[in-house]
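Worksheet: the structure to be examined is printed underneath.
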Amino acid sequence: MTFKHSRDFEKPIEDIERRIEELRHYSSTGSPVRREDIEKLERKAKKLISDIYSSLTPWQITLVARHPQRPYTLDYISHVFDDFIELHGDRVFRDDPAIVGGLAKLDGRPVVIIGQQKGRNTKERCLRNYGMPHPEGYRKALRLMELAGRFKRPLITLIDTPGAAPDIEAEERGQSEAIARNLLFMSQLKAPIVSAVIGEGGSGGALALGLGDRVMMFEYSTYSVISPEGCAAILWKDGTKADVAAKTLKMTAPDLLRLRVIDKIIKEPLGGAHRDPHAAARNLKAAINEALSEISDVPADMLVQARYSRYRKFGVFKEP
Amino acid sequence: MVWFKKDLFTRREDKTIRVPHGLWVKCEHCNEIIYKKEVERNLDVCPKCDYHFRISARRRIDIVFDEGTFSEFDSRLESVDVLDFKDVKRYKDRLKAARSENVSSEAVITGQGMIAGQRAMAAVFEFSFMGGSMGSVVGEKITRLLEKGKKERCPVIVFTSSGGARMQEGIFSLLQMAKTSAAIALLKEESIPYITVLTDPTTGGVTASFAMLGDVIIAEPRALIGFAGPRVIQETIRQKLPEGFQRAEYLMEHGLIDMIVDRKMIKSTLSRLLTLLRQ
């Protein structure tokens, strides 16, 4: 079972990368290492990465989307935006570190940003609750959305969560209501909204920030009604069938583009965003700018109407 | 020697009582065996402990709407296996089975009728149809209902009972949350009353969208209402859940719903609310 959860498809790549690292180290200490050898290995590594990453299964993509080195919301904020001022708190209960947001500039244009935030190490992961927001997180997000509407700022949301927190506190403070209210509010927001799934798009907890006029996904991100593990446990009654569930749920970017649920796939650097966060950030920035250029001049009322039509048409059924 | 023959301390509830089929029902809450006719007369509420049994959509319509006034909308909408979804069973087969086991053709019935002489539109969930789960058809029927409510300036009431989104429709089931919530905004803009009645159980994507967006939110006594199901929470936090967790009374205490209304009083309560909110 454990093998499925490890990213062992990356192991051959990591082995080569380690050898390259070693050779570089030797050469820097003056040991006789031939440049060609390093270059040869580098070419081999590149080929290997490209081979492996071009044929990832949906379950492997899920694991890349959850990669512990993958850039998170705050990483993208610092690489894509300038002059970021983080704003805190829901004014009612507390500041939820699982959602971050604030004001910033995108190429000189003032915007509002909101995103779920995961932690990089154990301590941070606990603080950020693994990127699983509580109701106060969604209510902080709502405050920032209101700000975007009032000051006519484009709203950029970055989605990266396994889902909304499933615990006692979340329930007693009204998790459902907090998510529902955001859906309602976003559908009416009089400002352009661009949403990008940067890692995991987990269920209602992701959708609560995701009602964009343009919705994009990184190449190796996922967006789903339920986690593959959860789905496997319920429908297969067997959590180890997560890889099958991941395939069945159609939760990868290409699947969702085909189903016309998203507008664009944001390319990731060779071997995933975690191998070159700067390149990933550049791609994200270009994608956000492109999306904004399509919608930022549309009058607010028309934008809201178009958004309604966009979500109105989702669903497939027969009507004989 | 007959000392041990009779066990004087055996408690009554420890004995297995065989319940004959049809005539008698056992209350899931107080374990009392009750004459079925008596329960039915009591609107499927236990006469001993007031436990509210789960009821079908048709039964609820009969309880709430004036006799013969309810007419159904969009009854021909049919779910489609859009993802070609197969777990241990095919979604197509699950749908077929659900259709043959139920009078309703989907997990929600929508329509309009009169409640004590006042016109109202309603969506009523059928929990026995795939756990009342919300797929494209459920989302579409509710959205059409809300749009019609706006167009005809008619109050809308939703009676929920659902396990949440229908996984077999993947992302489309998730997006029904967005679609329905956006449609509720239409009613709010026009000051048309939107009332929700949460019945046992209401969880997941249904709770986290239109269920919690009512101008007035009513719940049936003891109904389980939550975002995450109790089992998921239990597995996540690995602690015992508090007594009464996620029950209607718990939500009431935490300020998440407006009132708990007995099934016997639901029709008169809705009628009073409709009068008080009428424009």
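The sequence lines fix the lettering, A, B, ..., with proteins before strands; numbering per chain opens at 1.
Contacts between A:Leu184 and chain B at a heavy-atom distance below 4.5 Å involve backbone atoms as well as side-chain atoms. Neither the backbone nor the side chain of B:Glu253 comes within contact range of chain A; no heavy atoms are under 4.5 Å apart. Residue B:Ala211 does not touch chain A at all, counting heavy-atom pairs closer than 4.5 Å. Using a 4.5 Å cut-off between heavy atoms, B:Phe172 touches chain A through its side chain atoms alone. Looking at A:Gln188, the atoms closer than 4.5 Å to chain B (heavy atoms on both sides) all sit in the side chain, from C-beta outward. Contact annotation for B:Asp81: neither backbone nor side-chain heavy atoms come within less than 4.5 Å of a heavy atom of chain A. Of the two parts of B:Val88, the backbone and the side chain both hold a non-hydrogen atom closer than 4.5 Å to a non-hydrogen atom of chain A. For B:Lys86, the part lying under 4.5 angstrom from a heavy atom of chain A is the backbone only. With a 4.5 angstrom heavy-atom cutoff, A:Ile168 touches chain B via backbone and side-chain atoms both. For a residue to count as touching a neighbouring chain, one of its non-hydrogen atoms must lie under 4.5 Å from one of that chain's; by this rule A:Arg307 does not touch chain B. Proximity to chain A (any heavy atom under 4.5 Å) is shown, for B:Phe85, by both the backbone and the side chain. Neither the backbone nor the side chain of A:Ala178 comes within contact range of chain B, judged by heavy atoms closer than 4.5 Å. Both the backbone and the side chain of B:Ile184 come within contact range of chain A, judged by heavy atoms closer than 4.5 Å. For A:Tyr308, the part lying near chain B is the side chain, with the backbone staying farther off; criterion is any non-hydrogen pair under 4.5 Å. Looking at A:Leu249, both its backbone and its side chain come within 4.5 Å of chain B, counting heavy atoms on both sides. Proximity to chain A is limited to the side chain of B:Leu213, based on heavy atoms less than 4.5 angstrom apart. For chain A, the nearby part of B:Ile237 is the side chain; its heavy atoms alone come within less than 4.5 Å. Interface residue A:Thr248: backbone and side-chain heavy atoms are both found under 4.5 Å from chain B. Proximity to chain B (any heavy atom under 4.5 Å) is shown, for A:Leu259, by both the backbone and the side chain.
Salt-bridge annotation for A:Glu319 and B:Arg144: present, with a side-chain N of the basic residue lying under 4.0 Å from a carboxylate O of the acidic one. Salt bridge B:Arg58/B:Glu126: absent, no basic N to carboxylate O contact under 4.0 Å. Using a 4.0 Å cut-off between a side-chain N of Lys or Arg and a carboxylate O of Asp or Glu, B:Glu101 and B:Lys96 do not qualify as a salt bridge. Contact check on A:Asp96 versus A:Lys140 returns no salt bridge, with no Lys/Arg side-chain nitrogen under 4.0 Å from an Asp/Glu carboxylate oxygen. Electrostatic pairing of A:Glu146 and A:Arg91 does not count as a salt bridge here, judged by no charged N lying under 4.0 Å from a carboxylate O. Looking at B:Lys151 and B:Glu147, no side-chain N of the basic residue comes within less than 4.0 Å of a carboxylate O on the acidic one, giving no salt bridge. A salt bridge between B:Glu106 and B:Arg166 is present, with a side-chain N of the basic residue lying under 4.0 Å from a carboxylate O of the acidic one.
The greatest number of non-hydrogen atom pairs below 4.5 Å with chain A, out of B:Thr143, B:Val137, B:Asp84, is found for B:Thr143. For chain B, the option among A:Leu235, A:Asn182, A:Ile226, A:Val261 with the highest count of heavy-atom pairs below 4.5 Å is A:Leu235.
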*Starting from the C-alpha separation in whole Å, work towards a yes-or-no answer on salt bridge (charged side-chain N to carboxylate O under 4.0 Å, His left out) for A:Arg310 and A:Asp263.*
CA-CA 11 Å; A:Arg310 177 192 176 96; A:Asp263 304 287; 3.0 Å; yes
*Might you work through the side-chain hydrogen bond (donor to acceptor under 3.5 Å, both in side chains) test for A:Ser195 and A:Thr157, ending with a clear yes or no?*
CA-CA 5 Å; A:Ser195 303; A:Thr157 63; 2.8 Å; yes
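Using cut-offs of 30° and 60° for the angle between ring planes, the B:Tyr250 and B:His254 rings count as tilted.
Within the 4.5 Å cutoff, the side chain of B:Met130 has no heavy atoms near those of the B:Val138 side chain.
Side-chain atoms of A:Gln60 and A:Tyr220 include no donor-acceptor pair closer than 3.5 Å.
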